[in-house]
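Worksheet for the structure shown next.
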Number of protein chains: 2
Amino acid sequence: MKKRARQDRVTRQAQILETAARIFCDKGFEGASMGDISAALGITKAGIYHHIRSKEDLLYAIMSYGMDLFERKVLRRVMGISDPLERLRATLKGHILVVTRDRPKEITVILHESSVLKGRYREKIDARKRRYVRFLERTFRDLVRSGVARRVDPTVAAFAMLGMVNWIYQWYRPAGRLSGAELADAFADVFLKGILKSPAAG
Amino acid sequence: MKKRARQDRVTRQAQILETAARIFCDKGFEGASMGDISAALGITKAGIYHHIRSKEDLLYAIMSYGMDLFERKVLRRVMGISDPLERLRATLKGHILVVTRDRPKEITVILHESSVLKGRYREKIDARKRRYVRFLERTFRDLVRSGVARRVDPTVAAFAMLGMVNWIYQWYRPAGRLSGAELADAFADVFLKGILKSPAAG
DNA sequence: CCTTACCTACCGACCGGTAGGTAGGCTAAC
DNA sequence: GTTAGCCTACCTACCGGTCGGTAGGTAAGG
């Protein structure tokens, strides 16, 4: 019987997170059993508990990794952009590309199972989400102040944008008519310029 | 022991749907047990099965009622508006008011538990959703054709709008800064006119 | 006296989680 | 370079509890 060497430990942990994320994604957290996950990993249910403490810990680990991923791939790369319009554009496109091209199951889990987590775990994930919302609000405020944007409410603009983007996982399929990049461009166009031709319509 | 008369049957059915919707909303479909629902109704678990056939049937009934509600309160009232801009505005505001003021739990269940349903039930609900998407696409197409809207992709515009609106249940709280009507106006403003001041920005 | 609206009592399956064992690789002493 | 002994990564077997669902009874109203 093959056993894994010590240096594989991190890799194995990542394998478990990835597999669990996929199954939570497919069946939902409550709908997925630890047996489902262990079977997908090719081990027994007890075997999983050598690596994790509880099902809820596993969910938190997945969400935490998903936030790491988002912050590394999107937030960290755009936070330094000084021009607010370029910052917003880069954020919007980066966010959409992550959820359409990379399609990390961890981020879908964050979006769909957010209310499952309780207590400290819940607070930690919520705090990281709130940081992103505040970053967006700041960007919209900068845009209004610099005269580039209309007098929109920064919070309203932030949640309008988040809604558009966070809903994508519910309907977007990569095999469809639009590539991730095309969708990102189209959404940026609609969000920045609106639907109407004339700005006079009130 | 008090027993209910025959004419209460429809009322009782509605009570069960409403209670179940509330609990599915709080705990999720898989996270909620039939025992939770029966306890909230003040009867035993077996008592519920006098009124419904299965847990999945109950979910379908809730979603079906939620679609009835949406179609009656929003879709039916705006479908007849001939001016596409007024039609869109009325749809957007009506939809947002329904999910912010009335806050029917049934619609939250539709949004959050859509992938739980399988088979014919799933197809029936999906078909009704698709009708709404096609209605939106038609409206955007009308707007572009009549020269009121920019040359936006109708599908992209529809899903951008749906994302904004369908994500509201995830963050909006009636006790917050904005009333439902204020949010509806603000979202309509952002969606129709966009964020930017000048339409020249590309 | 039949129907309706429940009830009690129970089913087999499955849940998250654990106790205790074991096979094989790793390390260090000799 | 062998070997003792520990550690990792699992395993089998099982726990108490809960799940969705049902059979069969009962009490009240029409």
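A note on names: the letters A, B, ... follow the listed sequences, proteins ahead of strands, and every chain is numbered from 1.
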Just how far, in rounded Å, is [atom2] of [N] from [atom1] of [X]?
| X | N | atom1 | atom2 | answer |
| --- | --- | --- | --- | --- |
| B:Ile16 | C:dA5 | CD1 | P | 10 Å |
| A:Lys55 | C:dG16 | NZ | C1' | 8 Å |
| B:Ile37 | D:dT18 | CD1 | C1' | 15 Å |
| A:Ile52 | D:dC10 | CD1 | P | 13 Å |
| B:Ile48 | D:dC19 | CD1 | C1' | 14 Å |
| A:His51 | C:dT18 | NE2 | P | 15 Å |

Can you find an N or O donor on one side and an acceptor on the other, under 3.5 Å apart, linking the side chain of B:Lys45 with the base of D:dG21? yes
Interatomic distance, A:Leu183 atom CG to A:Thr100 atom OG1 [nearest 0.5 angstrom]: 6.5 Å
Considering only D:dC10, C:dG16, D:dG21, which nucleotide approaches the side chain of A:Met34 most closely? C:dG16
To the side chain of A:Thr44, which of D:dA9, C:dC6, D:dT12 is closest? D:dT12
Kindly say if [X] contacts the phosphate of [N], meaning a side-chain N or O under 4.0 Å from OP1 or OP2.
| X | N | value |
| --- | --- | --- |
| B:His50 | C:dA5 | yes |
| B:Tyr49 | D:dG21 | yes |
| A:Arg12 | D:dC10 | yes |

Test B:Arg72 against B:Asp68 for salt bridge (charged side-chain N to carboxylate O under 4.0 Å, His left out), laying out the working first. CA-CA 6 Å; B:Arg72 195 176 63 241; B:Asp68 290 347; over 6 Å; no
Side-chain contact, heavy-atom cut-off 4.5 Å: A:Ser114 with A:Lys129? yes
B:Phe159 and ring-ring contact (aromatic ring centres under 6.0 Å, His included): which partner among A:Tyr172, A:Trp171, A:Tyr169? A:Trp171
Do A:His95 and A:Tyr132 make the cut of ring centroids closer than 6.0 angstrom? yes
Let me check the geometry of the helix from C:dC1-D:dG30 to C:dC30-D:dG1. What is the bend angle between the axes at its two ends, five pairs each, to 10°? 0°
When you check the gap from the basic side-chain N to the acidic O, do A:Glu137 and A:Arg134 get nearer than 4.0 Å? no
Got a sec, which residues hit side chain to side chain donor-acceptor pair (under 3.5 Å) with A:Lys55, two or more places apart in sequence or on another chain? none
Check whether B:Gln170 reaches the backbone of B:Trp167 with its side chain - one donor and one acceptor, N or O, closer than 3.5 Å. no
Under 4.0 Å, counting only non-hydrogen atoms across every strand here, what does B:Ser33 touch: a base, just sugar-phosphate, or nothing? sugar-phosphate
Table of protein N/O atoms under 3.5 Å from nucleotides 19-21 of chain C N/O atoms:
none

Looking at A:Glu56, I'd like to know if its CD atom is crowded, meaning that more than 12 non-hydrogen atoms belonging to other residues, nucleotides or ligands lie closer than 6.0 Å. yes
